[in-house]
Amino acid sequence: MVLQKRFMKQTLKHKKNQLSFSTSKEMKWLRTPKDIWEQLSSEFKFTIDVCATKKNALLPRYYTKEVDGLKQDWTGETAYIHPLFDTNIWRWVKKAYETKNFTGVLLLPASVHTKYFHEWIYHNKNCEIRFLRKPLGGFRFGHDDDFRLTHANKMGYLRPLMIIIFRNK
């Protein structure tokens, strides 16, 4: 009975925070790890970074929170989409799923239990999933305004990540 109550408490706690991982303010606006960016940018000819800040934009063309990339037209773009650890990840995935004549590459937590994963990614013939192997010490995100590692003496982000590629024609 005690175990059941503890489980129920944990279940309720997780419903409040819909994400499957903890998010600190420190992680909110961090830059894509340099090795991941270099690999993706050499493979894809990105035309726009749709989830950026003025400090962490990886491309000359980008949308910020103020411009709201979710309200922009992505048709014909090859977009890099790293919504960081936002509670609205599903909105970015849904927009990528729905946009026609579009290639979108998303860096996301590997949350395969989520509704968005099952509805728009998992059985989608226009979608490729690449699970990233965690490097020793975890994934190292750079500072908001450059690729210098954050807290290099601390452990990196340990949870699994995935690359999702939508090729909508």
Side-chain angles (χ1 to χ4, degrees), residues 10-11 13-15 17-53 56-59 62-63 69-70 74 77-100 102-144 147-152 154-169:
Q10 287 175 340
T11 303
K13 190 177 185 179
H14 287 291
K15 283 184 181 178
N17 177 10
Q18 295 177 350
L19 298 176
S20 63
F21 49 88
S22 63
T23 306
S24 70
K25 288 181 182 179
E26 190 175 299
M27 291 285 293
K28 194 70 173 159
W29 300 110
L30 296 181
R31 184 181 291 268
T32 300
K34 187 176 183 177
D35 57 332
I36 294 173
W37 172 250
E38 286 174 349
Q39 193 172 16
L40 292 175
S41 63
S42 71
E43 181 178 353
F44 297 93
K45 302 296 180 228
F46 292 115
T47 59
I48 193 158
D49 182 349
V50 299
C51 298
T53 67
N56 75 6
L58 294 165
L59 297 163
Y62 60 92
Y63 298 134
L70 288 170
W74 297 355
E77 300 284 5
T78 300
Y80 179 64
I81 309 162
H82 181 195
L84 300 155
F85 302 98
D86 189 348
T87 56
N88 292 309
I89 288 174
W90 69 272
R91 292 178 204 264
W92 298 96
V93 173
K94 183 178 185 207
K95 178 144 178 112
Y97 170 80
E98 292 175 342
T99 303
K100 303 294 182 225
F102 163 79
T103 299
V105 180
L106 296 91
L107 173 62
L108 300 173
S111 300
V112 298
H113 65 290
T114 60
K115 183 177 178 180
Y116 70 76
F117 182 82
H118 287 273
E119 279 196 25
W120 300 309
I121 297 171
Y122 189 46
H123 291 293
N124 181 346
K125 63 181 169 66
N126 297 322
C127 188
E128 178 185 343
I129 305 165
R130 298 179 187 173
F131 293 100
L132 300 181
R133 184 177 182 152
K134 179 183 67 66
L136 188 64
F139 295 100
R140 300 291 183 158
F141 288 85
H143 286 282
D144 195 31
F147 280 115
R148 287 177 296 128
L149 296 180
T150 56
H151 306 293
K154 292 186 180 178
M155 221 28 154
Y157 183 73
L158 297 175
R159 306 249 181 175
L161 295 175
M162 63 184 173
I163 302 293
I164 303 299
I165 303 158
F166 284 95
R167 291 184 176 95
N168 300 341
K169 299 293 175 200

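None of the values given here were measured: they were computed from a predicted structure.
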Evaluate whether atom [atom1] of [X] has more than 12 neighbouring non-hydrogen atoms of other residues, nucleotides or ligands under 6.0 angstrom away.
X	atom1	answer
Tyr63	OH	yes
Glu128	CD	yes
Tyr122	OH	no

Hey, could you give me the [atom1]/[atom2] distance between [X] and [Y], rounded to the nearest 0.5 Å?
X	Y	atom1	atom2	answer
Asn168	Lys125	CG	NZ	9.0 Å
Lys169	Phe102	NZ	CZ	10.0 Å
Gln39	Leu132	CD	CG	8.0 Å
His123	Phe117	NE2	CZ	8.5 Å
Leu40	Ile165	CG	CD1	7.0 Å

**OP:** Answer yes if the ring centres of Trp37 and Phe46 are under 6.0 angstrom apart, and no otherwise.
**Re:**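 Yes, the ring centres sit under 6.0 Å apart.
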Flag, side chain of [X] to backbone of [Y], donor-acceptor distance under 3.5 Å:
X	Y	answer
His118	Val112	yes
Asp49	Ala57	no
Trp120	Lys95	no

Original post:
Are any of the side-chain heavy atoms of Pro109 and Ile89 separated by less than 4.5 Å?
Top reply: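 Contact flag for Pro109/Ile89 side chains = yes.
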**OP:** Determine the sole option in Leu108, Val93, Leu70 for which the side chain to side chain contact (heavy atoms under 4.5 Å, CB included) test with Pro83 is passed.
**Re:**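 Of the listed options, the one satisfying the test is Leu108.
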Original post:
Name the one of Asn126, Thr103, Leu106 that satisfies side chain to side chain contact (heavy atoms under 4.5 Å, CB included) with Phe166?
Top reply: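 Answer after filtering Asn126, Thr103, Leu106: Leu106.
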Original post:
How far apart are the closest heavy atoms of Ala96 and Ile81, and which atoms are they?
Top reply: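 Answer, listing the atom of Ala96 first, then Ile81: CB-CD1, 4.3 Å.
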**OP:** Grab the two heavy atoms, one from His82 and one from Cys51, that are nearest each other, plus how far apart they are.
**Re:**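 Taking every non-hydrogen atom into account, O-CB, 3.4 Å.
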**OP:** May I have the step-by-step check of side-chain contact (heavy atoms from CB on, under 4.5 Å) for Tyr116 and Ser111, ending in yes or no?
**Re:** CA-CA 9 Å; Tyr116 70 76; Ser111 300; 3.9 Å; yes
**OP:** For Asn56 and Tyr62, run side-chain contact (heavy atoms from CB on, under 4.5 Å): C-alpha distance rounded to whole Å, both residues' side-chain angles, the deciding distance at 0.1 Å, then the answer.
**Re:** CA-CA 10 Å; Asn56 75 6; Tyr62 60 92; over 6 Å; no
**OP:** May I have the step-by-step check of side-chain contact (heavy atoms from CB on, under 4.5 Å) for Leu107 and Tyr80, ending in yes or no?
**Re:** CA-CA 8 Å; Leu107 173 62; Tyr80 179 64; 3.7 Å; yes
